[in-house]
Colleague: 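Quick one: this structure, given as structure tokens, is what I'll be asking you about.
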Amino acid sequence: MGYGLGVFLLALGLILALAVQDMLDAVDLTMVGWILAIAGVLVIVLTAIQTNRGRTHRTVATTTHQDGSQSVAERRTEQDPPPPAV
């Protein structure tokens, strides 16, 4: 799944919902179009969330001292997005 699938579903759904006037037996093409458009938007949003989630890296280090106590250090780094393809 990706942006391409989301855009395809969105475009196909909007074409069926807004531009097609035909009716098939027991199939409402307008409703099918709106369902596909909503599915396309959902795919685009989920792809954006999944892509953004991978840019954060978390490291946890536990240090044990000579007296037996432990200390925990957490480090988070956020990576810049990759440069656009030309």
Side-chain angles (χ1 to χ4, degrees):
M1 290 185 5
Y3 290 112
L5 176 63
V7 169
F8 174 75
L9 289 175
L10 181 62
L12 181 64
L14 290 176
I15 288 170
L16 286 175
L18 302 174
V20 175
Q21 299 296 326
D22 291 339
M23 287 288 295
L24 298 175
D25 293 335
V27 177
D28 184 7
L29 290 179
T30 302
M31 183 56 68
V32 171
W34 285 118
I35 291 170
L36 288 175
I38 291 170
V41 170
L42 185 64
V43 168
I44 291 171
V45 169
L46 290 176
T47 301
I49 290 171
Q50 185 68 25
T51 302
N52 195 22
R53 182 183 300 169
R55 294 188 183 139
T56 302
H57 182 67
R58 179 176 170 232
T59 304
V60 177
T62 304
T63 305
T64 304
H65 303 286
Q66 290 181 354
D67 62 355
S69 64
Q70 293 182 343
S71 61
V72 177
E74 180 178 346
R75 180 178 171 193
R76 288 180 180 244
T77 57
E78 292 190 21
Q79 301 171 350
D80 291 332
V86 177

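Reckoned from all heavy atoms, side chains included, excluding hydrogens, waters and symmetry mates. What you see is a predicted model; the values in this text were computed from it and never measured. Position 1 is the first residue of the sequence, and the numbers go up from there.
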Colleague: Honestly curious: do L12 and V43 fall in one hydrophobic cluster under the side-chain, below-4.5 Å linking rule?
Modeller: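 Yes; V43 is reachable from L12 via cluster members.
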
Colleague: When I49 is tested against each of T51, V45, T47 for side-chain contact (heavy atoms from CB on, under 4.5 Å), which residue passes?
Modeller: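 Only one of T51, V45, T47 forms a side-chain contact (heavy atoms from CB on, under 4.5 Å) with I49, namely V45.
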
Colleague: Of all heavy-atom pairs between L16 and G33, which one has the smallest distance, and what is that distance?
Modeller: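 Residues L16 and G33, closest heavy atoms: CB-CA, 3.6 Å.
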
Colleague: With the 4.5 Å side-chain cut-off for hydrophobic clustering, are L9 and V32 part of the same group?
Modeller: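 Result: yes, single cluster for both.
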
Colleague: Can you list every pair that meets salt bridge (Lys or Arg N to Asp or Glu O under 4.0 Å) and has a residue in residues 25-38, with sequence neighbours left out?
Modeller: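 Residue pairs with at least one partner in residues 25-38: there are none.
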
Colleague: Who pairs with L29 by side-chain contact (heavy atoms from CB on, under 4.5 Å), at least two apart in sequence or on another chain?
Modeller: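 side-chain contact (heavy atoms from CB on, under 4.5 Å) list for L29, sorted by chain: V20, L24, V27.
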
Colleague: Tell me whether L10 shares a hydrophobic cluster with M31, the cluster being built from Ile, Leu, Val, Met, Phe, Trp, Tyr side chains joined at under 4.5 Å.
Modeller: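 No.
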
Colleague: I'd like to check the side-chain hydrogen bond (donor to acceptor under 3.5 Å, both in side chains) partners of E74; sequence neighbours left out, ordered by chain and number.
Modeller: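 R58, R76.
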
Colleague: Looking at every non-hydrogen atom in both residues, tell me the closest pair between G13 and L36 and how far apart they are.
Modeller: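 The pair with the smallest heavy-atom distance is CA-CB, 3.7 Å.
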
Colleague: Under the rule for side-chain contact (heavy atoms from CB on, under 4.5 Å), what residues qualify as partners of L42, not counting sequence neighbours?
Modeller: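 Listed in chain order: L46.
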
Colleague: List in chain and number order the residues that pass side-chain hydrogen bond (donor to acceptor under 3.5 Å, both in side chains) with S71, two or more places apart in sequence or in another chain; answer none if no residue qualifies.
Modeller: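 S71 satisfies side-chain hydrogen bond (donor to acceptor under 3.5 Å, both in side chains) with H65 only.
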
Colleague: Could you work out, with side-chain contact (heavy atoms from CB on, under 4.5 Å) as the rule, every residue matching Q70, not counting sequence neighbours?
Modeller: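 T62, T64.
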
Colleague: Linking I/L/V/M/F/W/Y whenever their side-chain heavy atoms sit closer than 4.5 Å, directly or via other members, would F8 and I38 fall into one cluster?
Modeller: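 Shared cluster, no.
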
Colleague: Kindly write out the residues that satisfy side-chain contact (heavy atoms from CB on, under 4.5 Å) with V7, not counting sequence neighbours, or none if the list is empty.
Modeller: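 Scan of V7 (side-chain contact (heavy atoms from CB on, under 4.5 Å), adjacent residues dropped) gives I44.
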
Colleague: Who passes side-chain hydrogen bond (donor to acceptor under 3.5 Å, both in side chains) against T63, sequence neighbours left out?
Modeller: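 Counting only residues at least two positions away or on another chain, T63 forms no side-chain hydrogen bond (donor to acceptor under 3.5 Å, both in side chains).
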
Colleague: Tracing side-chain links under 4.5 Å among I, L, V, M, F, W and Y, which residues wind up in one group with V72?
Modeller: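 Direct or chained contacts put V72 with V60.
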
